[in-house]
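Read the structure below first, then the notes.
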Amino acid sequence: MTGRYYLTTPIYYVNDAPHVGTAYTTIMADALARWHRLAGDETWFVTGTDEHGLKILRTAEENGLSPREWVDRTSQRFVQAWGALELTNDDFIRTTEERHYRSVQRFMQAIHDNDYLYKGTYEGWYCVSCEAYYLEEDLVGENLCPVHESPVEWFAEENWFFALSRFADRLIAWYDEHPEAIHPETRRNEALGILKGGLRDISITRTSIDWGVPVPWDPGHVFYVWYDALVNYISAVGYGTDNGRFEHWWPSVHHLIGKDIIRFHCVWWPAMCMAAGIDPPARYLVHGFLMVGGRKMAKTAYNQVDPVELANDVGNDVLRYYLIRDFPLGPDGDFTYEGLVERYNADLANNLGNLLQRVATVVEQKCGGIGRAPRPAAESPLAASAVEHVKTAYEAWGRFSPHEALEATWRIIRAANAELEAVAPWKIDPGPEVDGVLGDAIEALRIVAILASPVLPRASREIWARIGLSREVDAPGNADLSGSLAWGGYPGGAPVTKGPPLFPRRAAE
RNA sequence: GGCGGCGUAGCUCAGUUGGUAAGAGCACACGGCUCAUAAUCGUGGGGUCGCGGGUUCGAGUCCCGCCGCCGCUACCA
């Protein structure tokens, strides 16, 4: 299924620090991107930061910096966090970049040219922190913002409106024709619910500030931050600046988003695309929230865990494994340190790490440290189940269900442990039987390393090194059912080396 | 209020269009093994599938009502 795979995360608001919630989204995206590279797809993975708006302007002032200096500094926190977590994004888009300005202006100009914009007046109670207007009845206490409980301000300004209301029917029709566009289905229903409820035009420019992308046909206006932000998905691949490149990647895009921003991504954004005359994005992958002790890991809360600190503590691979194995892409999940340790000990230390260790020891004792080739599929008791689980894992990745893929992958590990137990090569003299079972076990490790590499990039490389393979475990195209993932790829004759435990057991706390 | 979703073993969850599947992993108990990170392998206990009705030869699986939790409700990531 070699194809083109353009994957995005939301761009993160630069005033906030990276937290486990944003790390979850970005790590999930990274794993999906790694899988698709592994499957031989031409892959482009982009994340970035959202850097406009009044809130940023004000915090910059509070810090005695120009907005430019402020966002240069704060966006680095994201660049550094993703670097520390060894994420493999191909680009990092910032909404304050020149290329983004040019794309936004071209894009909005196209919408304007197509007569979907008109001038109107908007006034109401405005919360600077939310960058949003509120209806009077939604305010709490003495004119306080319902989210921040801080005073709102009365704003009245003339701005440009986008005729979103004209797109409800077209969007419904489009989603009818593209039933796979939103995953999982429950989120698709939510989006359709929004559409069927009817849409209201929305104002998309501001005159009250100048920290934003200027409206090209009306000096003094800048685009409202949300509208400028969504365009990142096309500015990052050259819309209006490198159209050949844009057409290469669009619309074969997958937007990974949280369930809270469905309205913007599944309603506003495709409507904007239609208005500008380009295809709506092909697919949305909507994930749930990580909760801590049953509570939403809100970005405004103080009970946040620093994902880099956590990763430094437990290891990048381990954090990745926990987030991807324990939280299906869709529902909410409860993030706990205990859960992480439990998962780590059971799957990584006891199953995978220990399998590698015991195999290395027995190969050393019985085979002089030289790995044996696996038996042919027809003769190996392990092969049949391995092949089946490989297939399941492969398909699960394709279904955006990496947690299932990992579950299937670990079945191979269990089967390998069971076969070792059944034959007990450590009890018998060197010979064909010992060679066969050890070859099978090494072969299982080889295959598992490939399948797990999008989630455990470091450990997978280490496993391949220890079983004496020199090629890259994550070489593009290695996820190939009839190629590298087929039974029997381990050549035998390579040195198998023992090393320190891959994943030492952690004491529960 | 409206719309949508959820409620399955102690925990996290699977359960296609209703019919021998009430399951997996973890945890727990017992047994085996000792190559391995007190790891591993085997066996087992345990669930009225939120509650109450209904449809059906047969319902976690469909319908109605109720209870509990959650999301969205129209410019908060």
Side-chain angles (χ1 to χ4, degrees), chain A residues 10-13 15-16 19 21-22 25 50 55 122 124 126-127 129-135 138 145-148 159 161-162 164-165 184-204 206 224-227 229 257-264 267-268 288-289 291 294 296 298-300 325-328 331-334 336 338-339 342-343 345-366 403-404 407 410-411 414 416-422 424-427 438 441 498 500-506:
Chain A
I11 50 174
Y12 304 113
Y13 204 60
N15 254 24
D16 305 310
H19 55 82
T22 47
T25 305
D50 179 12
K55 190 175 169 185
Y122 201 99
Y126 190 81
C127 170
S129 295
C130 296
E131 308 210 25
Y133 283 99
Y134 284 100
L135 298 175
D138 291 331
C145 161
V147 175
H148 294 85
N159 38 45
F161 282 74
F162 172 55
L164 180 66
S165 58
E185 194 177 353
T186 155
R187 300 305 173 196
R188 167 191 152 82
N189 294 338
E190 251 180 60
L192 283 171
I194 292 171
L195 291 171
K196 285 172 181 160
L199 300 177
R200 194 159 74 185
D201 293 348
I202 47 186
S203 93
I204 62 162
R206 297 286 183 270
Y224 170 54
V225 58
W226 250 113
Y227 259 57
I257 62 172
K259 65 179 185 179
D260 52 327
I261 49 180
I262 287 176
R263 172 181 302 280
F264 310 106
V267 177
W268 292 12
F289 285 134
M291 321 281 274
K296 178 176 168 183
K299 68 179 180 183
T300 47
R325 176 63 184 84
D326 258 25
F327 304 100
D332 292 343
D334 202 16
T336 66
E338 294 69 30
E342 194 175 280
R343 187 54 87 178
N345 281 335
D347 290 5
L348 298 181
N350 295 352
N351 280 322
L352 178 56
N354 185 57
L355 174 64
L356 177 67
Q357 201 72 348
R358 66 194 307 205
V359 166
T361 300
V362 183
V363 167
E364 181 182 74
Q365 293 176 355
K366 301 287 181 179
H403 79 288
E404 269 185 88
E407 188 181 1
W410 255 252
R411 286 186 192 287
R414 285 193 209 98
N417 270 324
E419 192 195 338
L420 281 175
E421 206 68 41
W426 46 87
K427 280 188 186 168
L438 290 176
K498 266 183 80 170
L502 208 51
F503 297 107
R505 266 186 76 86
R506 290 180 77 92

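So that the names make sense, note that chain A is the first sequence line, chain B the second, and so on, each numbered from 1. In this text, all values refer to a predicted model and were calculated from it rather than measured experimentally.
- Between the P atoms of A59(B) and A14(B), the separation comes to 24 Å (whole Å).
- Between D260(A) atom CG and C70(B) atom P there is a gap of 17 Å when expressed in whole angstrom units.
- Here U34(B) presents its P atom at 20 Å from CG of N350(A), a figure rounded to the nearest Å.
- Checked against U37(B), G71(B), G25(B), the side chain of R414(A) finds its nearest nucleotide in G25(B).
- Nearest to the side chain of N417(A), among A39(B), C75(B), C41(B), sits C41(B).
- In textbook terms, a nucleotide whose glycosidic angle is within 90° of 0 is syn, and G60(B) is one such case.
- With rounding to whole Å, L352(A) atom CG is found 16 Å from G25(B) atom C1'.
- Atom CG of L502(A) and atom C1' of U37(B) are 11 Å apart (whole Å).
- Contact record, L348(A) with F503(A): O-CD1, 3.4 Å, taken as the closest heavy-atom pair.
- Side chain to side chain, R505(A) and N354(A) fail the donor-acceptor criterion of an N or O pair below 3.5 Å.
- For R263(A), no side-chain nitrogen or oxygen approaches OP1 or OP2 of C75(B) to under 4.0 Å.
- The separation between D326(A) atom CG and C13(B) atom P is 8 Å, rounded to whole Å.
- Taking the side chain of W426(A) as heavy atoms from C-beta on, and the options C41(B), U34(B), A36(B), the nearest nucleotide is U34(B).
- For R343(A), no side-chain nitrogen or oxygen approaches OP1 or OP2 of U12(B) to under 4.0 Å.
- With C35(B), C75(B), G25(B) as the choices, the nucleotide that has an atom nearest any side-chain atom of I202(A) turns out to be C75(B).
- Counting distance only, with no hydrogens placed and no angle test, the side-chain atoms of N354(A) and the base atoms of A36(B) include a donor-acceptor pair under 3.5 Å.
- The side chain of E421(A) has C41(B) as its nearest neighbour among C41(B), U34(B), A36(B).
- Rounded to whole Å, the distance from CD on E404(A) to C1' on G15(B) is 11 Å.
- As rounded to whole Å, 13 Å separates atom C1' of C13(B) from atom CD of E342(A).
- When the C1' atom is used for both G19(B) and G44(B), the distance is 29 Å, rounded to whole Å.
- Side-chain atoms of R206(A) and base atoms of C75(B) include a donor and an acceptor less than 3.5 Å apart.
- The NZ-P distance, from K427(A) to A36(B), rounds to 14 Å in whole Å.
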